[in-house]
Amino acid sequence: MRPVKDRFRGNPNVRFVNISVDLDEQRWKSSVTSGTYSSEGDINLWVGPGKDRAIVRHLGINSYPTQVIVDGNNRVVAMNPPDVRTSSQVPGFIEMVERAIEPKM
């Protein structure tokens, strides 16, 4: 995610939210504090263990990690967009975010 986060750094229309269903809240807190799985400015949420959490059900998440792009009207525009763990997919992911934040006429 580093190239994506760098591209949108300082853009008030883009937020990165990490939702965790880890079993151990203390372990999750340690990972967030260490910066291993999040970056400065990310919104980090621990919702507790299990797939029965409201946000997980609402977004239809059934595997981890899952990436979701949501537009300014809170509509899901992409579930599992191009995988940014593969550098060749980063431009496609960035393009999807840019389209999601475009002002709509």
Side-chain angles (χ1 to χ4, degrees):
M1 289 296 293
R2 182 82 45 223
V4 175
K5 289 180 177 185
D6 288 346
R7 166 66 181 86
F8 295 104
R9 187 177 318 283
N11 186 324
N13 297 312
V14 177
R15 296 287 181 266
F16 294 93
V17 179
N18 305 308
I19 301 170
S20 174
V21 295
D22 287 345
L23 298 175
D24 184 333
E25 184 179 11
Q26 281 308 119
R27 189 172 180 183
W28 168 77
K29 285 179 181 178
S30 294
S31 76
V32 169
T33 303
S34 74
T36 303
Y37 297 108
S38 64
S39 302
E40 184 178 336
D42 286 3
I43 298 167
N44 297 293
L45 304 173
W46 181 75
V47 297
K51 294 184 177 186
D52 63 333
R53 301 301 180 201
I55 189 77
V56 174
R57 285 193 321 268
H58 174 72
L59 293 173
I61 296 170
N62 57 23
S63 63
Y64 306 98
T66 296
Q67 295 175 332
V68 181
I69 298 175
V70 179
D71 71 9
N73 294 314
N74 295 319
R75 288 186 302 241
V76 172
V77 297
M79 283 291 288
N80 290 314
D83 189 345
V84 297
R85 292 175 292 182
T86 305
S87 62
S88 65
Q89 299 295 307
V90 170
F93 189 99
I94 288 173
E95 182 180 323
M96 292 180 99
V97 173
E98 287 174 339
R99 281 192 309 231
I101 63 173
E102 282 179 352
K104 307 295 187 245
M105 303 267 174

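We count residues from 1, following the sequence as given. Values in this document were obtained by computation on a predicted structure and should not be read as measured data.
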Item to check | Taking every non-hydrogen atom, the tightest pair across Met79 and Val68 | outcome: SD-CG2, 3.5 Å
Checklist entry - Do Val47 and Val17 belong to the same hydrophobic cluster, where Ile, Leu, Val, Met, Phe, Trp and Tyr are linked whenever their side-chain heavy atoms lie under 4.5 Å apart, directly or via other members? => result yes
Checklist entry - Near Arg99 CZ, under 6.0 Å, is it more than 12 heavy atoms from other residues, nucleotides or ligands? => result yes
Item to check | Verdict with reasoning, Arg7 to Val4, per side chain to side chain contact (heavy atoms under 4.5 Å, CB included) | outcome: CA-CA 5 Å; Arg7 166 66 181 86; Val4 175; 5.7 Å; no
Checklist entry - According to a 4.5 Å side-chain heavy-atom criterion applied to Ile, Leu, Val, Met, Phe, Trp and Tyr, with indirect links allowed, do Val76 and Ile61 form part of one hydrophobic cluster? => result yes
Checklist entry - So which heavy atom on Gln26 is nearest to which on Asp24, and how close? => result N-OD1, 2.9 Å
Checklist entry - Is the backbone N or O of Arg85 less than 3.5 Å from a side-chain atom of Asp83, with the two atoms forming a donor-acceptor pair by type? => result yes
Checklist entry - Should Phe16 and Ile69 be regarded as members of a common hydrophobic cluster, given that ILVMFWY residues are connected when their side-chain heavy atoms come within less than 4.5 Å of each other, either directly or indirectly? => result yes
Item to check | Residues Asn13, Phe8; criterion side chain to side chain contact (heavy atoms under 4.5 Å, CB included); working and verdict | outcome: CA-CA 9 Å; Asn13 297 312; Phe8 295 104; over 6 Å; no
Checklist entry - Which heavy atom in Pro3 sits nearest to a heavy atom in Ile94, and how many Å separate them? => result O-CD1, 4.3 Å
Item to check | Polar side-chain atom of Asp42 near backbone of Asn44 as donor-acceptor pair, under 3.5 Å | outcome: no
Next on the checklist: Show the nearest heavy-atom pair for residues Pro82 and Gly92, with the distance to one decimal.
Outcome noted: CG-C, 3.9 Å
Item to check | Same apolar cluster (I L V M F W Y, side chains within < 4.5 Å links), Val21/Leu45 | outcome: yes
Next on the checklist: side chain to side chain contact (heavy atoms under 4.5 Å, CB included), that's the test. Do Tyr64 and Val56 meet it? Break it down for me.
Outcome noted: CA-CA 11 Å; Tyr64 306 98; Val56 174; 3.7 Å; yes
Next on the checklist: Looking at Asp22, is its backbone amide N or carbonyl O close enough to the side chain of Trp46 to form a donor-acceptor pair, meaning the two atoms are under 3.5 Å apart?
Outcome noted: yes
Checklist entry - Which pair of heavy atoms, one from Pro91 and one from Ser88, lies closest together, and at what distance? => result CD-O, 3.6 Å
Next on the checklist: Please evaluate residues Phe93 and Met1 with respect to the criterion side chain to side chain contact (heavy atoms under 4.5 Å, CB included), reporting the C-alpha separation (whole Å), side-chain torsions for both, the decisive distance (0.1 Å), and the verdict.
Outcome noted: CA-CA 10 Å; Phe93 189 99; Met1 289 296 293; 4.2 Å; yes
Checklist entry - Given the rule that I, L, V, M, F, W and Y join up when any side-chain heavy atoms are under 4.5 Å apart, are Val77 and Met96 in one cluster? => result yes
Item to check | Taking every non-hydrogen atom, the tightest pair across Val84 and Val90 | outcome: O-CG2, 3.9 Å
Checklist entry - At what distance, to the nearest 0.5 angstrom, does OG of Ser20 lie from CZ of Arg53? => result 11.0 Å
